[in-house]
2 protein chains.
Amino acid sequence: MILFRGFEPLDVFGPLEALQTLSLWFHLELTLISENSTDPVSTAPILASMNRQNSSFFQTIVPTATHDTAPKDLEVLIIPGGAGSRSPYLNSTLDYIRDSYPNLNYLLTVCTGSLIAGRSGILDGKRATTNKLAFLSVQSAVPNVKWQSHARWVVDGNIWTSSGVSAGIDMTLEFIECWYGKKIATNVTNFIEYERHTDPRWDPFADIVGLPDPNESLVVQHR
Amino acid sequence: MILFRGFEPLDVFGPLEALQTLSLWFHLELTLISENSTDPVSTAPILASMNRQNSSFFQTIVPTATHDTAPKDLEVLIIPGGAGSRSPYLNSTLDYIRDSYPNLNYLLTVCTGSLIAGRSGILDGKRATTNKLAFLSVQSAVPNVKWQSHARWVVDGNIWTSSGVSAGIDMTLEFIECWYGKKIATNVTNFIEYERHTDPRWDPFADIVGLPDPNESLVVQHR
């Protein structure tokens with residue numbers, strides 16, 4: 001799991017809750033990867049202008065490795081989103097993702113984690129989704145990606161991208177089902193008392209935000 | 001937010017995701033309260049027997065205060081659950097909860113956080129709920145509480161208790177709605193792309209676990 005200043009808490013801890021539960025039944029190893037030190041990483045945005053109420057409500061978690069010390073044989077890399085995904089200081093993280101991707105089995109992103117993956121270039125030409133409130137700005141920031149507006153998650157090759165925040169839980173449960181089977185995924189889901197969405201096309205938030213439905217536009221073209 | 005060794009990640013970060021989002025619109029302050037130091041607190045269970053696969057999948061987060069240094073004028077205290085809720089080494093935390101409760105506006109528990117609140121004695125005679133897989137053992141450990149088997153969350157006076165893990169998100173959104181109104185709660189819900197349950201009686205997990213339905217038993221008595 002990649003960490004950076006201003007990550008979104010549930011983008012990290014939704015998937016990790018599901019995977020930590022799985023780790024009680026199957027051996028799993030987690031590395032929390034920060035840029036160049038293992039100093040705690042805060043959910044606080046870098047810019048004070050993103051915390052207009054001057055709240056002190058942020059959390060810090062402890063990385064277990066840096067880009068240099070993380071294992072070279074990672075199987076799965078997960079990239080969370082959050083306000084920090086727009087940071088101009090992510091160059092080292094973008095390099096790390098670009099360099100790591102060819103050796104990964106899978107890359108997963110949650111929320112605007114797909115903005116980070118997109119900025120690294122590895123999503124070019126691929127289908128992907130992202131946070132729906134941020135959809136248009138992400139699309140405009142990384143135009144070489146086939147962004148899917150109505151999707152809880154999207155799979156293109158070995159890259160899984162989810163919609164905003166909570167969608168990372170549904171994507172992770174589906175990922176678990178792919179590798180450990182339906183019974184285990186159901187057990188994890190029930191353990192965390194979560195109402196899971198198994199249809200990747202379920203996405204009321206795209207409509208709530210007012211994103212154009214690609215199917216509707218097809219109908220218009222047909223007429 | 002209370003922290004202790006072996007807390008459940010989503011019990012903490014589900015509610016905090018909703019509240020951190022709210023903190024972008026309203027001034028909020030968070031204190032992460034550990035027992036007697038601000039050393040990072042791990043989600044790892046104390047007992048190796050609770051990690052049978054020898055997984056290294058745990059996360060550590062950084063407290064911002066101890067029982068002694070936490071603000072004395074806390075408005076809301078949240079207690080998460082997790083394997084650590086059964087620890088025999090929670091006496092200081094139980095004392096802290098017992099001593100703090102009279103000065104709080106509200107106390108919220110997530111999952112087996114209600115076991116901790118129950119062990120402190122403050123739930124005696126009150127209605128409460130807890131994690132459904134743990135329901136019978138919690139009921140037996142703290143018998144002086146009116147445990148509700150079929151409930152996403154329960155409110156009794158100024159104490160709100162939720163069912164397992166993800167249920168803490170629904171309870172927190174309802175708590176936000178009570179104080180900030182329906183529009184703000186809906187905005188937070190959409191921001192985190194969460195499908196919210198607004199009915200506290202919604203609880204398929206009680207049936208999945210096979211807990212007896214109190215309404216059914218009433219019908220049987222009637223016959």
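In what follows, chains carry the letters A, B, and so on, assigned in the order in which the sequence lines appear, proteins first and then strands, with residues in each chain numbered from 1.
- Q59(A) pairs in a side-chain contact (heavy atoms from CB on, under 4.5 Å) with only one of the listed residues (T64(B), L32(B), I61(B)), which is L32(B).
- For W25(A), the part sitting under 4.5 Å from any heavy atom of chain B is the backbone (N, CA, C, O) and nothing else.
- Heavy-atom distances place the backbone of M50(B), and not its side chain, under 4.5 Å from chain A.
- Annotation: maximal heavy-atom pairing with chain A below 4.5 Å, among L22(B), V41(B), L10(B), V12(B), occurs at L10(B).
- Interface remark: L16(B) contributes backbone and side-chain atoms alike to the contact with chain A (heavy atom separation under 4.5 Å).
- To the nearest 0.5 Å, atom CG of residue L133(B) and atom CD1 of residue I192(A) are 12.0 Å apart.
- Taking S42(A), P40(A), A167(A), S163(A) one by one and counting their heavy-atom pairs under 4.5 Å with chain B, the maximum is reached by S163(A).
- Of all residues in residues 68-86 of chain A, none places a non-hydrogen atom less than 4.5 angstrom from a non-hydrogen atom of chain B.
- In this structure, E29(B) and F57(A) approach most closely via the heavy-atom pair C-CD1, 3.7 Å.
- Side chain of S55(B) to backbone of L24(A): no donor-acceptor contact under 3.5 angstrom is found.
- Scanning all heavy atoms of the two residues, the minimum distance from E195(A) to F205(B) falls at N-CZ, 4.3 Å.
- Among N190(B), L28(B), T43(B), N54(B), the residue making the largest number of heavy-atom pairs under 4.5 Å with chain A is L28(B).
- In terms of heavy-atom pairs under 4.5 angstrom with chain A, the leader among M1(B), K132(B), R52(B) is K132(B).
- Both the backbone and the side chain of L19(B) come within contact range of chain A, with heavy atoms under 4.5 Å apart.
- Within a 6.0 Å radius of CZ in F26(A), other residues, nucleotides and ligands contribute more than 12 heavy atoms.
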Requested in this report: Evaluate side-chain contact (heavy atoms from CB on, under 4.5 Å) for E8(B) paired with T21(A), printing each intermediate quantity in order.
Outcome: CA-CA 10 Å; E8(B) 192 73 24; T21(A) 300; 4.2 Å; yes
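- Counting all heavy atoms, side chain and backbone alike, E193(A) lies closest to G164(B) at OE1-N, 3.0 Å.
- Both the backbone and the side chain of Y194(B) come within contact range of chain A, judged by heavy atoms closer than 4.5 Å.
- With a threshold of 4.5 angstrom between heavy atoms, I208(B) approaches chain A through side-chain atoms but not through N, CA, C or O.
- Judged by distance alone, with hydrogens and angles left aside, the side-chain atoms of S23(A) form no donor-acceptor pair with the main-chain N or O of S56(B) at under 3.5 Å.
- Both the backbone and the side chain of N131(B) come within less than 4.5 Å of a heavy atom in chain A.
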